[in-house]
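Note sheet for the following structure.
The structure displayed is predicted, hence computed values, not measured ones. By convention here, the first residue in the shown sequence is residue 1.
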Amino acid sequence: MKKIILFASGNGTNVENIIQYFKSKTNISIVGIFSNNPNAKVLVKANKYAIPTVVFNKEELSNGFVLNVINKTNPDLIILAGFLLKFPEQIIDAYQQKVINIHPALLPKHGGKGMYGMNVHNAVFENNEVETGITIHYVNKNYDEGSIIFQEKVNVATCNSPDAIAEKVQELEYSFYPKIIEKLLTFTA
């Protein structure tokens, strides 16, 4: 049985999509959802599916508390899905090539500190770009600079707002993130 944990800071729409994808799989289990936001809607979603949650603050993320909790579950993969804090090097070092993130653009474009969610879609819109997409990548010590695992493009030339771009990108996220997670877990069998 492969075990995964998810980190999220907000609504958890990607998390819920991943939960739905894996709920019928007998070889992969979501063993925890971690959040730095005690008011995050992702926690409500986790409870709905009876998945254990861990809420922590920024200090607990960096002082070893979160790493100790992760070690107790011994996950095969740590998935960031809308997690907005910089991931600590101590966890990245302990779980090398086992921490992944999804970025709502085609990295290296529109990556780095502060480039998440609507900030990315606004930048794509303001630059009049004709395509954008998603990047699934390993997490390293720098924002959005880990090795790229997968990218998928989408045409946004006809999008008349950042919200329209966000919708197209979210469709890609929902379609591909769970499949790539499953593929990574299958390769490590």
Distance (rounded to the nearest 0.5 Å) between Lys183 NZ and Ile136 CD1: 10.0 Å

For residues Asn101 and Asp144, determine if any side-chain heavy atom of one lies less than 4.5 Å from a side-chain heavy atom of the other. yes

Minimum heavy-atom separation for Asn119 and Met115, please, with both atom names. O-CE, 3.9 Å

Shortest non-hydrogen contact between Gly146 and His137, atoms and distance: O-CB, 3.8 Å

Short side-chain to backbone donor-acceptor contact, Ser35 and Ala8, under 3.5 Å: yes

Could you measure the distance from the NZ atom of Lys58 to the CG atom of Asn63? Nearest 0.5 Å is fine. 13.5 Å

Can you name the closest pair of heavy atoms from Ala105 and Val120 and give their distance? CB-CG1, 3.5 Å

Is there a side-chain contact between Asn11 and Val42, using heavy atoms and a 4.5 Å cut-off? no

With the side chain counted from C-beta on, respond yes when Ile180 and Ile102 share a heavy-atom pair under 4.5 Å apart, and no when they do not. no

Which heavy atom of Val15 sits nearest to which heavy atom of Ala81, and what is that distance? CG2-CB, 3.9 Å

Any donor-acceptor pair under 3.5 Å from Asn142 side chain to Glu145 backbone: no

Work out which heavy atom in Pro104 is nearest to a heavy atom in Thr132; give both atom names and the distance. O-OG1, 4.1 Å

Looking at His110, Glu152, Gln151, which one forms a side chain to side chain donor-acceptor pair (under 3.5 Å) with Thr135? Gln151

With hydrophobic residues grouped by side-chain heavy-atom distances under 4.5 Å, do Tyr138 and Tyr116 end up in a single group? no

Should Leu172 and Val124 be counted in the same cluster of Ile, Leu, Val, Met, Phe, Trp and Tyr side chains packed under 4.5 Å apart? yes

Side-chain heavy atoms nearer than 4.5 Å, only ILVMFWY residues, links allowed to pass through others: does that put Leu185 and Ile18 together? yes

Distance alone, cut at 3.5 Å: any donor-acceptor contact between the side chains of Glu173 and Asn14? yes

Rounded to the nearest 0.5 Å, how far apart are CG of Leu6 and NZ of Lys45? 12.5 Å

Please tell me whether Asn36 and Ser9 have a donor and an acceptor in their side chains that are separated by less than 3.5 angstrom. yes

Distance-only polar pair, side chains of Gln20 and Tyr49, donor-acceptor under 3.5 Å: yes

Tell me which donor-acceptor pairs under 3.5 Å the side chains of residues 156-167 have, and how far apart each pair is, sequence neighbours excluded?
{"from": "Ser161", "atom 1": "OG", "to": "Asp163", "atom 2": "N", "distance (Å)": "3.4"}
{"from": "Ser161", "atom 1": "OG", "to": "Ala164", "atom 2": "N", "distance (Å)": "3.1"}

Atom of Gly64, atom of Gln90 and distance for their closest heavy-atom approach: N-NE2, 3.5 Å

Rounded to the nearest 0.5 Å, what's the gap from CG on Leu77 to CD1 on Ile100? Could you check? 4.5 Å

Take a 6.0 Å sphere around NZ of Lys3 and say whether it holds more than 12 heavy atoms from other residues, nucleotides or ligands. yes

If only atom types and distance count, is the side chain of Asn37 paired as donor or acceptor with the main-chain N or O of Gly10 below 3.5 Å? no

Using a cut-off of 6.0 Å, state whether more than 12 heavy atoms not belonging to Lys109 lie near its atom NZ. no

Just do the salt bridge (charged side-chain N to carboxylate O under 4.0 Å, His left out) check on Glu182 and Lys2 with the steps written out, would you? CA-CA 10 Å; Glu182 185 175 33; Lys2 297 288 185 172; over 6 Å; no

Could you measure the distance from the CZ atom of Phe22 to the CG atom of Asn27? Nearest 0.5 Å is fine. 8.5 Å

Given side chains that start at C-beta, do those of Val154 and Glu131 come closer than 4.5 Å, heavy atoms only? no

Nearest 0.5 Å please: distance from the CD atom of Gln170 over to the CG atom of Asn17. 9.0 Å

Looking at Tyr21, I'd like to know if the NZ or CZ of Lys25 sits under 6.0 Å from its six-membered ring centre while staying within 45 degrees of the ring's axis. yes

Common cluster, Met118/Val169, ILVMFWY with side-chain heavy-atom separation under 4.5 Å: no

Look only at the side chain of Asn127 and the backbone of Ala123, and say whether a donor-acceptor pair between them is shorter than 3.5 Å. yes

Tell me, do Tyr174 and Thr13 make a side-chain contact under 4.5 Å, heavy atoms counted? yes

Give the other cluster members for Val31, using side-chain heavy-atom distances under 4.5 Å between Ile, Leu, Val, Met, Phe, Trp and Tyr residues; answer none if it is isolated. Ile5, Phe7, Phe34, Val54, Phe56, Leu61, Phe65, Val66, Leu67, Val69, Ile70, Ile78, Leu80, Phe83, Leu85, Phe87, Ile91, Ile92, Tyr95, Val99, Val139

When hydrophobic residues are tied together by side-chain contacts of less than 4.5 Å, even through go-betweens, does Ile134 share a cluster with Ile148? no

